[in-house]
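Values in this document were obtained by computation on a predicted structure and should not be read as measured data. Atoms within each ligand, like the ligands themselves, are counted from 1 in listed order.
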Amino acid sequence: MRTDPLRHVAQELGALRAQGRFRWPRELQSAQAPRAVYDGRLVVNLCSNNYLALADDPRLKEAAKAAVDRYGTGSGAVRTIAGSLQLHRELEEALARFKGTEATLLYPSGFAANAGTVAALLGPEDVVVSDELNHASIIDGCRLSGAVKRIYRHRDTEHARELLEASQDARLVLLVTDGVFSMDGDVAPLPELCALAKRYGALLMVDDAHATGVLGRGGRGTVDHFGLAGQVDIQVGTLSKALATVGGYVAASRSLVEYLMHRARPVLFSTSLPPAVAGAALRALQILEQEPERLERLWDNTRTFKRGLEQLGFRTGQSETPITPVLTGDEDLAMALSDGLFEEGVFALGISYPTVPRGQARVRTIVTAGHTQQDLDFALGAFERVGRRLGLI
Ligand SMILES: *Cc1c(COP(=O)(O)O)cnc(C)c1O
């Protein structure tokens, strides 16, 4: 008799269920907003990357509708065949102005931008020096490229230096980091990495998925935040977080963008962004420039909420951004905290291995510019009650 070819799948599912780790995502039944309906319940939403609360902004909706009316729903092809829209060029030009680079190139997602760019630039004769907590899409890009991987301890620039020192025979060395780390909310030591890249002749790439619309003047990202304009070779970003749509991009020199247009596989083999997305993202960029007060509200809310959690006695790690982890260490406790909060009308997801290392389970919170003081007070009240009940504070 033939044995079940998916035995390992059944085993893994069984193990997840046995450990109480089997979860199906809660269902969003309203707009993605600071207060939203999940699984039939109106909750204060501390889970989304909708930093500037633009995901249900009437002006973005209008822009998306106008793009649909004029250009239809689908782009119909990959960029390099028939799917290069006028709107893509306009968005790429706007993003290049925003990021202060010669050019940008859109990708179907931030994931594709990271993985596709690293894989297009590096081969087995090259070396990538990468922070241990970099995003999965960077890690996958490194694997796809076949380059030699050298992983440095999180934000440890002395370790990165040693690895660069040991990599001098390679054709190309790529030093790559997240700008803001997505699970901890801490910021890369970019000035030091920049100096190292120069000293060792490495190419420097920063993934600003969580920094765009959040850090730097007008939300321009970590390069602007640290005053490093013109010194970082590749900035990756996403339209999917603060810019409230979907898609990724690379901001770099014109020649690098020209190369990627011909060699990055997600650009060559995945259909380009639909008109509605490009139109809405363009509008989001304009709003970001016209309404700097959104960023101020985001940071005011960040400070208020972080201070509140710390005053209650929670462990919140090294975060310097609107991402604030509430560390429990224990996975069951993280899930119990998240479930208890939901009962109280607050949505903040428990995160455990393999998304974070073992023993570092947490409930991750993200505040947005759209949360009111009342929302934050409500959430802090829920954290206090559930935290006490679970013995966390
Ligand atoms: C979300 C995220 C991505 C992926 O972006 P998508 O546009 O959602 O594919 C890449 N890098 C980091 C650090 C992220 O947090």
Side-chain angles (χ1 to χ4, degrees), residues 25 28 32 46-52 54-55 88 91-92 95 99 104-119 128 130-144 151 154-155 174-190 193 204-216 219 221-223 225 232 234-251 264-267 270-274 276-278 280-281 284-285 319-325 349 351 354-356 362 364-366 368:
L28 176 60
Q32 178 58 268
L46 298 178
C47 278
S48 89
N49 304 312
N50 182 24
Y51 287 106
L52 299 174
L54 289 172
H88 293 150
L91 179 54
E92 283 169 345
L95 284 167
K99 287 287 177 179
T104 63
L105 180 64
L106 292 168
Y107 283 72
S109 69
F111 194 109
N114 273 327
T117 301
V118 174
V128 57
S130 176
D131 188 291
E132 66 180 337
L133 293 190
N134 277 346
H135 191 262
S137 53
I138 295 176
I139 297 170
D140 284 11
C142 296
R143 290 180 183 156
L144 280 169
I151 312 300
H154 183 46
R155 295 203 305 174
L174 177 72
L175 178 58
V176 58
T177 183
D178 281 14
V180 170
F181 290 87
S182 53
M183 293 300 142
D184 295 85
D186 51 352
V187 179
L190 212 53
L193 293 176
L204 181 60
M205 168 167 157
V206 57
D207 172 10
D208 259 354
H210 281 283
T212 301
V214 175
L215 278 176
T222 49
V223 174
H225 172 73
V232 174
I234 303 172
Q235 298 177 61
V236 172
T238 177
L239 307 174
S240 329
K241 290 175 175 143
L243 297 177
T245 54
V246 71
Y249 58 89
V250 165
R265 291 168 73 82
V267 176
S270 192
T271 296
S272 59
L273 296 176
V277 161
L285 268 183
S319 169
E320 305 158 66
T321 65
I323 300 171
T324 307
L349 202 70
I351 294 178
T355 309
V356 294
R362 79 253 338 247
R364 186 181 69 152
T365 66
I366 299 182
T368 72

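For Y249, the ring-ring contact (aromatic ring centres under 6.0 Å, His included) criterion is met by no residue, not counting sequence neighbours.
Heavy-atom proximity to S109, at under 4.0 Å, picks out these atoms of ligand 1: 7 (O), 9 (O). Of all atoms in ligand 1, listed by their number and element, those nearer than 4.0 Å to a heavy atom of S182 are 15 (O). Below 4.0 Å from some heavy atom of N114 lie the following atoms of ligand 1, by number and element: 10 (C), 11 (N).
The heavy atom nearest to atom 9 (O) of ligand 1, out of those in F181, Y249, F111, is found in F111.
With no hydrogens or angles considered, no side-chain donor-acceptor pair links H154 and D184 at under 3.5 Å.
Here the heavy atom of the protein found nearest to atom 11 (N) of ligand 1 is D207 OD2, 2.5 Å. The protein heavy-atom contact nearest to atom 6 (P) of ligand 1 is G110 N, 3.4 Å. In this structure, the protein non-hydrogen atom closest to atom 8 (O) of ligand 1 is S240 OG, 3.8 Å. Protein heavy atom at the shortest distance from atom 14 (C) of ligand 1 is K241 NZ, 2.7 Å.
In this structure a side-chain-to-backbone donor-acceptor pair under 3.5 Å is present from N50 to A55. A donor-acceptor contact shorter than 3.5 Å is absent between the side chain of S130 and the backbone of I151. With N114 contributing its side chain and H135 its backbone, the two residues share no donor-acceptor pair below 3.5 Å. Looking only at distances, no side-chain donor or acceptor of D178 sits under 3.5 Å from a matching main-chain atom of D207. A donor-acceptor distance shorter than 3.5 angstrom exists from the side chain of T321 to the backbone of G185, with no hydrogens or angles considered.
Using a 4.5 Å cut-off on side-chain heavy atoms (C-beta onward), L91 and L95 make contact.
Neither the backbone nor the side chain of L239 comes within 4.0 Å of ligand 1, counting heavy atoms alone.
An N or O contact shorter than 3.5 Å is missing between D178 and ligand 1 by distance. Residue A209 has no nitrogen or oxygen atom sitting less than 3.5 Å from a nitrogen or oxygen atom of ligand 1, judged on distance alone.
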